[in-house]
Amino acid sequence: MKKKHLIIALVLYLLSAVGSYSVMTYANPATTNQSTDEETTLDDDEETKLGSLLEIDSSAPKDQICPLNGAYYTLTEKDAWENRRPLFVMIENTPDARPQSGLSKADVVFELIAEGGVTRFGAMFYCAAQAQDVTIAPIRSARTYFVDYASGFYRPLYVHVGGANVPGPTNALGQISDYGWGLENDINQFSVGYPTFVRNYSRLGDKKLATEHTMESSSEKLWAVAEKRGWGNKAPEITNDKIVAGEKWTELYDGWMFEDEASDIGDVKTVSYDFWSGYSDYSVKWIYDSELDKFQRFHGEEELLDLNNDERVAATNVVVIKTTEKGPINEKKHMLYGTTGTGDALIFKHGDVIEANWSKKTRRSQLQFTDNRGEPVEMARGLTWISVIDISNKVEY
């Protein structure tokens, strides 16, 4: 009988501990800015490289269009992505965290300042991440404007490690809660944890890393969480306080138009711009490669490579959006950007530039681009990289 009582007491203790951790995580938003869970550390010898997933016939036609960026893939890859929604992952861009893992397999990337002149990426993984399990790192915290841009893709799976939580307009965690994402598409490391997320202190070899530069996951681990939660291709909807399967996200998503034929090659060889003056670590340069018909990405003079495969990160469309920038607006140096409305944009593709306009009617509207006649701009097919800068910033090309 004593043994039985001991077992019951142990079970009650474990339930209490788990419950207390969950309550503290959500009741105290400050805890979402750091993690001290030693179990999330990756062993040095644990495999983190790309793993093959699909057997793709080399002779199979690539005639299936990616809904995010218009690139062509095989039917095998489409059959895989049809059961899922895109991942929208917050990825760090400080020099200490470079090179990042996974960016060469992103379909769309948004780039804005997180705080203090330091930029961050919101990388979308979908079509290019089906053939292999893509290691993604380092994953960081949410910001309100990334939440806004993610909203335009109709509830992608939003992946982050905590987030800005100061009460007010920059309260990304509060907004995620208010939007009901916790029941629909929010994958926060603090509610998921190990082994989906791990702290890999050796991701850059012998280079010593601070804890904030170490959080790692993979595309398949993240989609496994979504599958377990019932977050498949059909975006969930809440009806009478019950979660029901809605329509496929692609039926609700108003995507971009894409070219049927590539236009002539232009004479734009380089594109460069700063986010903040004096922050050269985050200066951007794109160099056009006419053989690849892509712009290769540089941090100033440093080439951007993917740690997973040592591949150069290159975009078929480089889009620079100009909008209002406010901040820092609080003690955490959080920023605000105008994500809705209209404004000027430059679209670089095929070594050429289009002076365009951007528009986004509401938070949940897709970002759209039109030319000076008001016609939708046809994007090139492939990785689209969108940098958002202040209206006063200059773009050299």
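By the 6.0 Å contact criterion, CZ on Arg312 is open, its count of non-hydrogen atoms from other residues, nucleotides or ligands being 12 or less. Atom NZ of Lys207 has more than 12 neighbouring heavy atoms from other residues, nucleotides or ligands inside a 6.0 Å radius. The local environment of CG in Asp57 is crowded, with over 12 non-hydrogen atoms from other residues, nucleotides or ligands closer than 6.0 Å. Counting non-hydrogen atoms of other residues, nucleotides and ligands closer than 6.0 Å to CD of Glu331 gives a total above 12.
Between Trp81 and Tyr73, the ring-plane angle classifies as perpendicular under the 30° and 60° cut-offs. The aromatic rings of Tyr279 and Trp276 sit perpendicular to each other, their planes meeting at more than 60°, with 30° as the lower class boundary. Relative orientation of the Trp256 and Phe369 rings is tilted, given thresholds of 30° and 60° on the angle between their planes.
Remark: of the listed residues Asp186, Ile187, Val89, Asp186 is the sole one forming a side-chain contact (heavy atoms from CB on, under 4.5 Å) with His160. The only option from Lys228, Arg85, Gln130 that meets the side-chain contact (heavy atoms from CB on, under 4.5 Å) definition with Trp223 turns out to be Gln130. The side-chain contact (heavy atoms from CB on, under 4.5 Å) test with Leu383 singles out one residue from Val109, Val108, Leu103, and that residue is Val109. The ring pair (Phe, Tyr, Trp, His ring centres under 6.0 Å) test with Trp249 singles out one residue from Tyr126, Trp231, Tyr154, and that residue is Tyr126.
Atom-to-atom distance recorded for Asn308:CG and Thr135:OG1 is 5.0 Å, nearest 0.5 angstrom. Taken from OG1 in Thr170 to CG in Leu173, the straight-line distance is 10.0 Å, to the nearest 0.5 Å. In this structure, Leu53 CG and Glu77 CD are separated by 10.5 Å, a value rounded to the nearest 0.5 Å. Trp286 CH2 to Trp385 CH2: the interatomic distance, rounded to the nearest 0.5 Å, is 5.0 Å. Note that NE2 of His334 is 7.5 Å distant from OH of Tyr145, once rounded to the nearest 0.5 Å. Remark: Met90 CE to Arg140 CZ distance equals 10.0 Å, nearest 0.5 Å.
No donor-acceptor distance shorter than 3.5 angstrom exists from the side chain of Ser101 to the backbone of Leu307, with no hydrogens or angles considered.
Of the N and O atoms on the side chains of Asp96 and Thr94, not one donor lies less than 3.5 Å from an acceptor on the other residue. Counted by atom type alone, Ser387 and Glu111 present one or more donor-acceptor pairs between their side chains at under 3.5 Å. Side-chain polar atoms of His350 and Asp293 form a donor-acceptor pair below 3.5 angstrom. Counted by atom type alone, Ser365 and Thr362 present one or more donor-acceptor pairs between their side chains at under 3.5 Å. Side-chain contact check for Tyr201 and Thr211: at least one donor-acceptor pair (N or O, by modelled atom type) lies under 3.5 Å.
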field: Ser218/Asp133 under side-chain hydrogen bond (donor to acceptor under 3.5 Å, both in side chains): CA gap, chis, key distance, verdict
entry: CA-CA 6 Å; Ser218 79; Asp133 184 14; 3.0 Å; yes
Before you tell me yes or no, could you show the steps for Phe110 and Tyr149 under ring pair (Phe, Tyr, Trp, His ring centres under 6.0 Å), namely the whole-Å CA-CA distance, both residues' side-chain angles and the distance that decides it to 0.1 Å?
CA-CA 8 Å; Phe110 287 86; Tyr149 285 122; 5.0 Å; yes
Using side-chain hydrogen bond (donor to acceptor under 3.5 Å, both in side chains), reason through Ser202 and Asn200 one step at a time and then give a plain yes or no. CA-CA 5 Å; Ser202 61; Asn200 183 4; 3.0 Å; yes
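Between Glu115 and Lys333 there is no salt bridge, since no side-chain N of the basic residue sits under 4.0 Å from a carboxylate O of the acidic one. A salt bridge links Arg84 with Glu220: at least one charged nitrogen is closer than 4.0 Å to a carboxylate oxygen. Salt-bridge formation is detected for the pair Asp260/Arg381: a Lys NZ or Arg NE/NH1/NH2 atom is positioned less than 4.0 Å from an Asp or Glu carboxylate oxygen.
Ring centers of Trp181 and Tyr158: under 6.0 Å apart, within the cut-off.
Contact record, Gln175 with Thr144: OE1-OG1, 2.6 Å, taken as the closest heavy-atom pair.
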